[in-house]
Amino acid sequence: MTVLKTSMRNFFAHKGRMALSAVAVLLSVAFVCGTLVFTDTMNTTFDKLFAATSSDVTVSPKAAKSDNTPQNGRPDSLPASVLERAKKAQGVKYAEGAVSSMNVTVVNSANKNMGSSTGAPTIAGNWTRNDLRSMEITSGHAPRGPTETMVDADTADKHHLKLGDELRTIAVTGDFKARIVGIATFKVTNPGAAVVYFDTATAQRELLGTTGRFTHINLSTANGVTNDTLKQNVISSIGAGAYKVQTQKEYSDENRSGVGSFMDVIKYAMLGFAGIAFLVGIFLIINTFSMLVAQRTREIGLMRAIGSSRKQVNRSVLVEATLLGFFGSILGVGAGVGLAVGLMKLMSAAGMDLSTRDLTVKATTPVIGLVLGVVVTVLAAYLPARRAGKVSPMAALRDAGTPADGKAGLVRGIIGLVLTGAGTFALFTAAGADKASDGSLVLGAGVVLTLIGFVIIGPLLAGGVVRVISAVLLRFFGPVGRMAERNALRNPRRTGATGAALMIGLALVACLSVVGSSMVASATDELDKTVGTDFIIQGNQRIVPQAAKAIETTPGLEHVTHYRDIEAKIVAPDGSSDSDGVTAADPTYAQDLHRKTTAGELTAAYGKDSMSVGSKFATKHHVNLGDTLTVAFKGGSTAKLKVAAITDDNVAIDQGARYLSTETMRKYLPADRIPPDQIMFASAKNGQEKQAYAALKKSMEQYPQYQVRDQSDYKQELKDQIGQLLNMVYGLLALAIVVAVLGVINTLALSVVERTREIGLMRAIGMSRRQLRRMIRLESVVIALFGALLGLGLGMGWGATAQKLLALEGLKVLEIPWPTIIGVFIGSAFVGLFAALIPAFRAGRMNVLNAIATD
C-alpha cells in the first residue's frame, strides 16, 4: 500500500511531465481502436445490406460468380423453366425470377458516368418483390416498359437526377436509353453502389441478350417453414447438383467473404501502422521514465536508506507506468471511436456512404485498446524501473544522477553491432537472391535486424554523428551553438533513444520513396524500350463491342489491335499443367509491344494453331520450341497448339503471357463465349498522330468508362497512381512521426527541468533569454537531424535492396528520389524547431534566483 501511495503521489506530482507520454499512448491506442471500430462498422454495414437484399432461398447457376462478371461480360443465367419447377416446391410462399448485372455503365445525357467514384459497382436489374426488403419507392413508380427506368435515391442526389431525365445504359449486348420514372430509397445503408432498375422483359433482353432467362431466382418461405427446409424442398423439385441453391445466410456469407477479405487487408495494414506508432511511443516512454528516475535519484536514495527494497522501488516506477498506460488508454479508446467516425465522414465525402447509425463498438475493442496500452507502457518502463532499483542509497545521496553502467554500455554496443552486421548481411543476401519470393523473406529479416541494431547502437553513433552535424550547422552560432552541441552529447543514450523514435518513421518514408520512384522509373524505361503503339485504350471494365467498333472506325489510324485474356488450361508434353490462361491478340500486337524471344520468332506465334510461351513456363514445364501443347478453352473446345516462340520473361509488362492469334481463339471458342477486349491498342498513320489522338478522344466521348492515353499520358497515370498510394502511406506514417515529435518535446522539457540550476547560473553570468532559447532550439534541431540522418540512410538501404528484388520481376532501374530525401531532411530541422518551442519558452521564463537555488 505504501508503494501504491508513493507511486500515486509521484505520478500526480509529475503530471505535466507525464502528459506528453500519455498523449503518445492515447494516439497509438486511438489508432488501434479506431481501426477496429471502422472495419467492424464496415462489416456491419455490408452484413445488413446483404441480409436485406437476400431472399429466403436463392437459386442461381452453378458457375455463377459472386462478382457477377463472367469472362464474356454477360451474367451467367438459368432458364425460366427452373422458376416454374421451383414454384412447385413445398413451402414456397412466392417465387420470382431476377436479372442482375454489374458489367454495365450508366451515363446521363451529357455522357457523364453515373457510377460511383470509389470503385463500388453499378448494378442494373429488374425490380422485384424481393427488392422491397431493402428499398422503398419514394418518388414516381416502378418501370413498366422498355423506355422507363428507376434509380436509387443516393445516385439521384449525387448526380442531381430527377424524374424525366434520360439515362443511357451501356452493356456488352448494346446501348439503350430510358427515362427516369421512379426513385427508390434504401432502407439500409448503401455503401456507394449505383442501382438502376428496368422491367423484367427489358432487363432480360438488354442485359442478357435473350428472353426467358434469369440470373437467379428468389424464393420466400411460407409460414412455419424454415429456410433450410425450403432449400431441401427446392433441391428435390429442380434436381440436385444442377444449380446452386442457398439459404439467406449462405448467400450472404458468400457475398460477405469477398468484402471480408478486402476489409482484412485494410484492417491489418492500418494496425501495422498503429504498431509502428506504438514502437515509436516506446522510446518516448523509456526516455520519460529514464529521465524521471535520474531526476529523482536523491529521492530514491532516501527511500532505499529508510528501508525500501529494490523490488519496492522497481514496483513504484512500474505502478506509475501502469497509471500512465491506463489513463492514456482510456482516453485513447474514446479518441478511437471519434477517429472511426471521422474516417466514416471522410469516406462519405469521397463517395462511399457510411452511416453512423451502423457504428459498431464491440466489447473486445476497448479491452484490446486498454490491455495493449497498459502492457506496452509497462514493458517500456521496465528498463528504467530496473535501473532505479539498482541505485544504492549512498550513491544516490552523493550523486546528482543515476551512475552510468559502463559494462552495460559495452555489452549494448556489442549486441547492437552484431545485430546490425547480421542485418546488413541479410540485406546483401537478399539483393543477390535468384527469386523474388525467396529474397523477400531475407529482406524482411534484414529490415528488422538493422532496425533493432541501429536502435541499440544509437547512443554509440550519437557522438560521431552529432559532432559532424554540429560542425556543419552549429559553428555559425558561436558559443550558443557549441553549448547546444555539448547538451546533445551530454547523454548519448537519451539522444540516441530520442533520435531513434524519429528514425523509424523516416526510414519507412525513405524506403517507400525509393521503391516508388524506382517502380515509376523502371516502368517508364520499359515503356520507352518496348511499347511501340501510339495509343492505349482501357478502363475498369472490358471494352464493350460497340466501343471497340467506335475505335476501329476512328479516322487516321494505321491499325487497331484487340487484346483479350482467355481462361484456359494448358497441358505440357510431360503432363504438367497450369490454368493461368492465354492471351489472344491480333498479329499487330508484335509491333505494339516489342518482346524479346529466347527461341523462335514472336510473329510465328500468331500463325495457324500456334502460340508462344514465356521462358519461366518453358523452364518449369520442360517445353521446347516446336513442342505441342494441349489447350482446353473454358466454354470451348480443346486445341493442340504448336510452340512457335518462347518469350523472355525478364520484363515487367506481360510477364509470363502466352500469345496466340485472335483467329486461333475464334476457331476453338464459340462466338457467345468470346470475351470483350480487356485493352485495345491503336497506332496512327505516319504524321497524323495529333489528329488521330483528337479523333480517338472524340470517338470515345460516348464511353466515359474508358480512357484514351498516349505514351506520355500512360506514364503520368502510372506516376500519379503510385504517388497517390505513397501519399496514403505517408499519411499513416505521419502518426508515428507525430509521436516522435512528442518524444523530442518531452525529452527537451525534462532536460530543461533537469538543468534548472545550470540554466539559472548561465543566466546569472550574462546569457540572455534569447540566447537560452536559441540554445535549446539548436539542441532540438541537432537531435532531429541525427534521427533523420540515420532514418534516411537506413531507409535508402532498405529501398535499394527491395529494388534488387523488383529487378527480378522486370523493374530494373534504381532511382533515389533526392528531392524527396533532401526535403525530408530539411523538414526534420523544422520539426526540431517546432518541438523546441514550448521547452525553450519555459526555459526563458525561469526566475534566475529560484533556478540557482534549485537542488
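Residues: numbered from 1 along the sequence shown.
Side-chain atoms of Leu629 and Val571, non-hydrogen and from C-beta on, never get closer than 4.5 Å to each other.
Not a single side-chain hydrogen bond (donor to acceptor under 3.5 Å, both in side chains) links Ser610 to another residue, sequence neighbours left out. Judged as a side chain to side chain contact (heavy atoms under 4.5 Å, CB included), and not counting sequence neighbours, the contacts of Thr189 are Thr45, Ser355, Arg357, Asp358. Applying the salt bridge (charged side-chain N to carboxylate O under 4.0 Å, His left out) test to Lys690 and every residue at least two apart in sequence or in another chain returns nothing. With sequence neighbours excluded, the residues that form a ring pair (Phe, Tyr, Trp, His ring centres under 6.0 Å) with Tyr197 are Trp127. Residues satisfying the side chain to side chain contact (heavy atoms under 4.5 Å, CB included) criterion with Asp713, sequence neighbours excluded, are Tyr693, Arg709, Asp710. In this structure, the side chain to side chain contact (heavy atoms under 4.5 Å, CB included) partners of Asp165, at least two apart in sequence or on a different chain, are Leu161, Lys162, Ile180. Residues meeting the side-chain hydrogen bond (donor to acceptor under 3.5 Å, both in side chains) test with Ser77, sequence neighbours left out: Arg213. Partners of Phe617 by ring pair (Phe, Tyr, Trp, His ring centres under 6.0 Å), not counting sequence neighbours, listed by chain and number: His621. By the salt bridge (charged side-chain N to carboxylate O under 4.0 Å, His left out) test, Arg564 pairs with Asp677, sequence neighbours left out. By the salt bridge (charged side-chain N to carboxylate O under 4.0 Å, His left out) test, Arg168 is found to be paired with Asp175, residues two or more places apart in sequence or in another chain being considered. Applying the salt bridge (charged side-chain N to carboxylate O under 4.0 Å, His left out) criterion to Lys529, with sequence neighbours excluded, gives Asp525.
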Applying side chain to side chain donor-acceptor pair (under 3.5 Å), run through Gln204 and Thr210 and close with a yes or a no.
CA-CA 6 Å; Gln204 289 175 322; Thr210 185; over 6 Å; no
Audit row: Tyr251, Phe50, ring pair (Phe, Tyr, Trp, His ring centres under 6.0 Å) steps and yes/no:
CA-CA 8 Å; Tyr251 189 82; Phe50 294 144; 8.3 Å; no
Passes side chain to side chain donor-acceptor pair (under 3.5 Å), Ser54 versus Ser252? Steps please.
CA-CA 7 Å; Ser54 304; Ser252 298; 3.3 Å; yes
One pair to check against side chain to side chain donor-acceptor pair (under 3.5 Å): Lys177 and Thr147. What are the steps and the verdict?
CA-CA 7 Å; Lys177 296 179 180 179; Thr147 60; over 6 Å; no
Can Ser522 and Leu806 be said to form a side-chain contact (heavy atoms from CB on, under 4.5 Å), step by step?
CA-CA 10 Å; Ser522 299; Leu806 291 175; over 6 Å; no
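The local environment of NZ in Lys112 is sparse, with at most 12 non-hydrogen atoms from other residues, nucleotides or ligands closer than 6.0 Å. Atom NZ of Lys569 has 12 or fewer neighbouring heavy atoms from other residues, nucleotides or ligands inside a 6.0 Å radius. Around atom CG of Asp672, more than 12 heavy atoms belonging to other residues, nucleotides or ligands sit under 6.0 Å away. Environment of CG in Asn540: sparse, with no more than 12 heavy atoms of neighbouring residues, nucleotides or ligands closer than 6.0 Å. Within 6.0 Å of NZ in Lys719 there are 12 or fewer heavy atoms belonging to other residues, nucleotides or ligands.
There is no side-chain donor-acceptor pair under 3.5 Å between Ser134 and Thr53. A donor-acceptor contact closer than 3.5 angstrom links the side chains of Thr202 and Asp199. Between the side chains of Arg205 and Thr211, not a single donor N or O lies within less than 3.5 Å of an accepting N or O. For the residue pair Asp720/Gln724, the side-chain donor-acceptor check at 3.5 Å is not satisfied. Donor-acceptor pairing under 3.5 Å is lacking for the side chains of Thr598 and Ser615. Side chain to side chain, Lys608 and Thr664 fail the donor-acceptor criterion of an N or O pair below 3.5 Å.
One distance of note links NZ of Lys634 with OG of Ser579; it measures 10.0 Å at 0.5 Å rounding. Residue Thr185 holds its OG1 atom at 7.5 Å from CG of Asp154, rounded to the nearest 0.5 Å. Taking CD1 from Ile217 and CZ from Arg85, the interatomic distance works out to 8.5 Å, rounded to the nearest 0.5 Å. Summarising the geometry, atom CG belonging to Leu83 is positioned 10.5 Å from atom CD1 belonging to Ile238; distances are rounded to the nearest 0.5 Å. Here the straight-line distance linking atom CD of Gln246 with atom NE2 of His216 works out to 11.0 Å at 0.5 Å rounding. One finds the CG atom of Leu527 at 6.5 Å from the NZ atom of Lys715 (value rounded to the nearest 0.5 Å).
When atom types are taken as modelled, the side chain of Gln655 and the backbone of Asp649 share a donor-acceptor pair closer than 3.5 angstrom. Put simply, the side chain of Glu96 gets close to the backbone of Arg129: a donor and an acceptor are under 3.5 Å apart. Checking side-chain atoms of Ser699 against main-chain N and O of Ala695 turns up a donor-acceptor pair under 3.5 Å. Without hydrogens or angle criteria, Gln541 side chain to Val104 main chain gives a donor-acceptor distance under 3.5 Å. Asp534 contributes a side-chain N or O that, together with a main-chain N or O of Ala684, makes up a donor-acceptor pair within less than 3.5 Å. The backbone N or O of Leu167 lies less than 3.5 Å from no partner atom in the side chain of Asn108, so there is not a single donor-acceptor pair. The backbone N or O of Gly723 lies less than 3.5 Å from a partner atom in the side chain of Asn727, making a donor-acceptor pair.
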Run the side-chain donor-acceptor check on residues 584-593: report pairs under 3.5 Å with partners two or more places apart or on a different chain.
residue	atom	partner	partner atom	Å
Asp586	OD1	Thr662	OG1	2.9
Asp586	OD2	His562	N	2.9
Thr588	OG1	Thr561	OG1	2.6
Tyr589	OH	Asp654	OD2	2.6
Asp592	OD1	His559	NE2	2.9
Asp592	OD2	Thr561	OG1	2.5

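A salt bridge is absent between Lys642 and Asp627: the closest approach of a Lys/Arg side-chain nitrogen to an acidic carboxylate oxygen does not fall below 4.0 angstrom. Under 4.0 Å is where a charged nitrogen must lie from a carboxylate oxygen, and between Lys244 and Glu254 at least one such pair does. Here Asp578 pairs with Arg658 in a salt bridge; the nearest charged N to carboxylate O distance falls below 4.0 Å.
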